[in-house]
Protein chains: 2
Amino acid sequence: MEQLWAAPTALTVREVHEQLAGTRELAYTTVMTVLDRLAKKKLTERERDGKAWRYRAAAPREELAADLMRDALDRAGDRREALVRFVGQVSDEEAALLREALSRLDSQEQTG
Amino acid sequence: MEQLWAAPTALTVREVHEQLAGTRELAYTTVMTVLDRLAKKKLTERERDGKAWRYRAAAPREELAADLMRDALDRAGDRREALVRFVGQVSDEEAALLREALSRLDSQEQTG
DNA sequence: TAACATCTACTACGAAACGTCGTAGATGGC
DNA sequence: GCCATCTACGACGTTTCGTAGTAGATGTTA
């Protein structure tokens, strides 16, 4: 349902609909409704283009994932404990990525 | 709704209900239903105690938070990017906790 | 300007989840 | 046997989601 991230630019309902046509048989208005609801939830933004609306993801899906991770962490009670458990669940590869991200953060802080 | 984590041990419906009585006016059966639904979702476990059931959280809330963080990460597409963004959102304190958790992971790997 | 295509706004409907609760029946103590 | 207690199951309103139809506005074109 959220293959809007796949597209590089803002799309009209029609474009999304056509793009989906290969995969799923959905009514034009279905796509419209979904896009509209996503906009109401601030997950997409829209701008006028003639009489049509052009939709674009409000944030890349990675940002959304990061937000969800934050939300989860915020509901944790003891954040240290939650982070320890999270790190414990993560694959070696992901742990490495995390370290990398953290050190990137370091240099950012020093520079800016 | 999920103040079961607050309690140290397994509780009966009655106990949870009484414990909640100060904060919220809920029918006994409401508490029962909620506990039962949580059990169906494997968020609580229950064991017999006489004719009553005794419920306990299946995992500490920190574990649940960690699980949710994992889920979010899994839906990210580019996990590196998601982790970078997550780390970027996190407070300094949390970043420190993360580093700590990661180094704890290191020593664990060496030892066990 | 009238006819037509296109697009939106609004409404709807079924399914699932959730918060809330009641009734009926099983169980156990006195 | 009677009474309190506890569960099982069903129920109802609300929200979210996937799906779609209808009505009406707008732009195009002859």
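A note on names: the letters A, B, ... follow the listed sequences, proteins ahead of strands, and every chain is numbered from 1.
Taking 4.0 Å as the cut-off between side-chain N and carboxylate O, B:Arg80 and A:Glu62 do not count as a salt-bridged pair. Using a 4.0 Å cut-off between charged nitrogen and carboxylate oxygen, A:Arg75 and A:Asp71 do not count as a salt-bridge pair. A salt bridge between A:Asp36 and A:Arg46 is present, with a side-chain N of the basic residue lying under 4.0 Å from a carboxylate O of the acidic one. One finds no salt bridge joining A:Asp67 and B:Arg85 here, because no Lys/Arg side-chain nitrogen approaches an Asp/Glu carboxylate oxygen to under 4.0 Å.
The distance from atom CG of A:Leu38 to atom P of D:dT19 is 13 Å, rounded to the nearest whole Å. Rounded to a whole Å, the CD atom of B:Glu25 is 13 Å from the C1' atom of C:dT20. For the pair A:Glu47 CD and C:dT8 C1', the interatomic distance rounds to 16 Å; values are reported in whole Å. Atom CG in A:Leu43 sits about 13 Å away from atom C1' in D:dT16, given to the nearest Å. Rounded to whole Å, the distance from CG on A:Asp49 to C1' on C:dT6 is 13 Å. In this structure, A:Glu15 atom CD and C:dT6 atom P are separated by 14 Å, rounded to whole Å. Put simply, CZ on B:Arg54 is 15 Å from C1' on D:dT7, counting in whole angstrom units. Taking atom CG on A:Asp36 and atom C1' on D:dT19, their separation rounds to 15 Å, with Å as the unit.
OP1 or OP2 of D:dC6 has not a single side-chain nitrogen or oxygen of B:Arg48 nearer than 4.0 Å. Phosphate proximity of C:dT20 to B:Arg37: absent, as no side-chain N or O sits under 4.0 Å from OP1 or OP2. Contact check, B:Thr30 against C:dC21: a side-chain N or O comes under 4.0 Å of OP1 or OP2. Within the 4.0 Å cut-off from OP1 or OP2 of D:dT19, not a single side-chain nitrogen or oxygen of A:Thr33 is found. Within the 4.0 Å cut-off from OP1 or OP2 of D:dT5, not a single side-chain nitrogen or oxygen of B:Tyr28 is found. The side chain of B:Lys40 places no N or O atom within less than 4.0 Å of a non-bridging phosphate oxygen (OP1 or OP2) of C:dA17.
With a 6.0 Å radius and a threshold of 12 heavy atoms from other residues, nucleotides or ligands, B:Glu25 has its CD atom at or below the threshold.
Each of B:Lys40, B:Arg56, B:Arg54 was scored for a salt bridge (charged side-chain N to carboxylate O under 4.0 Å, His left out) with B:Glu45, with one residue passing: B:Arg56.
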Under a 4.0 Å heavy-atom criterion, the protein footprint on nucleotides 23-30 of chain C, written with B, S and -, is B---B---
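Of the residues near DNA chain D, A:Ala27 and B:Val13, the one whose nearest nucleotide (by heavy atom distance) lies more toward the 5' end is B:Val13. With DNA chain D read from its 5' end, the first of the two nearest nucleotides for A:Leu26 and B:Ala52 is the one closest to B:Ala52.
The base of C:dC7 has none of its N or O atoms less than 3.5 Å from a complementary donor or acceptor on the side chain of A:Thr12.
One side chain, B:Gln89 or A:Glu63, offers a donor N or O that lies under 3.5 Å from an acceptor on the other.
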